[in-house]
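Structure first, commentary second.
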Amino acid sequence: HAKQLGRARHACYAPELGERVADKIRVHERLRLALATGEGLVLHYQPQVEVASGRMVAVEALLRWHDAQLGDVAPARFVPVAEATGLILELGAWVMAEACRQIARWRGQGLALRVAVNLSAQQLRQSDLVEQVAHNLREHGVPPGQLELEVTESQAMADPQQARQVLGALRALGVELALDDFGTGQSSLAWLRELPVTHIKVDREFLHDVPHDAADATLVRAVLALAHTMCLKVVAEGVEREEQLHWLRALGCELYQGWLFAKALPPQAVQALHAGQGAHGHALPA
Ligand code: C2E
Ligand code: MG
Ligand code: MG
Ligand code: MG
């Protein structure tokens with residue numbers, strides 16, 4: 001009887017596993033096609049807002065993919081596949097080039113927003129990454145300070161020595177650097193001091209329940225204190241409610257990003273939002 005049960009359980013489990021692999025293969029095939037044809041992949045841009053003034057000063061470029069067969073595919077589904085198959089290098093190169101093209105387009109319209117681009121772990125290990133970034137800045141006439149590169153805390157800590165070296169070279173180009181999803185990895189504070197980043201982005205996991213959750217509130221306060229002693233700016237991620245923003249303002253957090261202000265938007269909507277900001281900073285609701 002036990003044997004039968006065991007076999008039955010096995011029979012249920014195996015197809016599910018197979019389906020997950022099949023899904024990854026399909027996602028990989030379709031993504032490769034999207035990159036080859038240039039169809040279906042776009043960047044949307046989520047505003048980063050100065051807490052004190054309410055002004056949008058930067059945006060984070062976030063990949064959006066619509067596939068004819070798969071429909072809308074979330075980054076959480078295709079980015080890990082791209083990372084596992086190496087396609088992330090091609091995808092990352094496309095994102096970098098497209099973000100720089102967009103900075104140039106906005107500059108042409110008198111809009112000087114800084115654009116933050118996410119780097120994957122493999123890009124960080126790519127030998128010609130620094131060259132690629134420099135090339136894109138030149139090609140599109142982008143002032144280096146208008147580009148920001150985001151690296152997650154866990155990526156940086158996977159090989160801190162190497163991260164320090166690459167980030168140092170990128171910083172030398174004049175681009176801004178952010179440590180993304182901060183709080184979810186295991187940073188040693190000693191290494192944090194060694195990383196030449198300009199911004200720390202506190203993961204939205206820690207912002208979700210503030211100010212009510214005492215443990216999360218303590219952590220965010222500690223990150224702010226630490227960042228400020230190192231002259232780094234803090235970006236609070238995932239701000240959805242007015243009470244979170246009030247609390248962050250009282251603590252002197254520099255920037256926030258979240259649905260309270262806006263979700264990731266197509267470029268034209270970012271322009272419209274900027275135009276609606278007027279002289280007073282505080283944006284009209286979109
Ligand atoms: P991330 O870099 O931490 O990006 C922030 C994520 O939080 C985005 O999800 C954004 O839409 C979401 N978010 C922003 N504000 C709020 C909020 O108020 N509430 C909630 N619940 N969520 C909010 P998204 O766009 O699904 O991207 C997920 C992850 O996929 C990103 O996390 C990043 O790690 C990765 N990703 C996206 N685009 C790229 C890319 O171009 N290259 C690489 N390497 N990774 C990317
Ligand atoms: Mg990010
Ligand atoms: Mg993040
Ligand atoms: Mg995150």
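Each ligand, and each atom within it, is numbered from 1 in the order the structure gives.
- The nearest N, O or S atom of Glu237 is not closer to the Mg ion (ligand 2) than 2.8 Å.
- Below 4.0 Å from some heavy atom of Glu240 lie the following atoms of ligand 1, by number and element: 17 (C), 18 (O), 19 (N), 20 (C), 21 (N).
- Residue Gln123 has no N or O atom closer than 3.5 Å to an N or O atom of ligand 1.
- The Mg ion (ligand 2) is closest to atom OE2 of Glu60 (considering only N, O or S atoms).
- No other N/O/S atom of Glu150 lies as close to the Mg ion (ligand 2) as OE1 does.
- Here the options are Glu150, Glu254, Glu153, the test is salt bridge (Lys or Arg N to Asp or Glu O under 4.0 Å), and the partner is Lys201; only Glu150 passes.
- Nearest to atom 39 (C) of ligand 1 by heavy atom, out of Val151, Ile88, Asn118, is Asn118.
- Counting only non-hydrogen atoms, the option in Leu119, Leu62, Leu260 that gets closest to atom 8 (C) of ligand 1 is Leu62.
- Taking a 4.0 Å cut-off on heavy atoms, His44 fails to register as neighbouring ligand 1.
- Using modelled atom types, one side-chain atom of Gln277 and one backbone atom of Met56 make a donor-acceptor pair closer than 3.5 Å.
- Heavy atoms of Arg204 come nearer than 4.0 angstrom to ligand 1 in at least one pair.
- Distances from the Mg ion (ligand 2) show that Asp181 has no N/O/S atom below 2.8 Å.
- Of all the atoms in ligand 1, the ones that sit under 4.0 Å from a non-hydrogen atom of Glu237 are 3 (O).
- Residue Pro75 holds the heavy atom nearest to atom 36 (N) of ligand 1 of all those in Ala74, Ser120, Pro75.
- Taking CG of Leu255 as the start and CD of Glu237 as the end, the distance is 12.0 Å to the nearest 0.5 Å.
- Contacts between Val239 and ligand 1 below 4.0 angstrom, taking non-hydrogen atoms only, involve the backbone exclusively.
- Residue Leu63 places at least one N or O, backbone or side chain, under 3.5 Å from an N or O of ligand 1.
- Shown in contact with Gln46 at under 4.0 Å from a heavy atom are these atoms of ligand 1, numbered in order with element: 14 (C), 15 (N).
- Proximity of Val95 to ligand 1, defined as any heavy-atom pair under 4.0 Å, is confined to the side chain (atoms from C-beta onward).
- Taking the Mg ion (ligand 3) as reference, the nearest N/O/S atom within Asp180 carries the name OD1.
- Here Thr152 does not reach the Mg ion (ligand 2): none of its N/O/S atoms is less than 2.8 Å from the metal.
- In this structure, Glu60 is part of the shell of residues with a heavy atom less than 4.0 angstrom from ligand 1.
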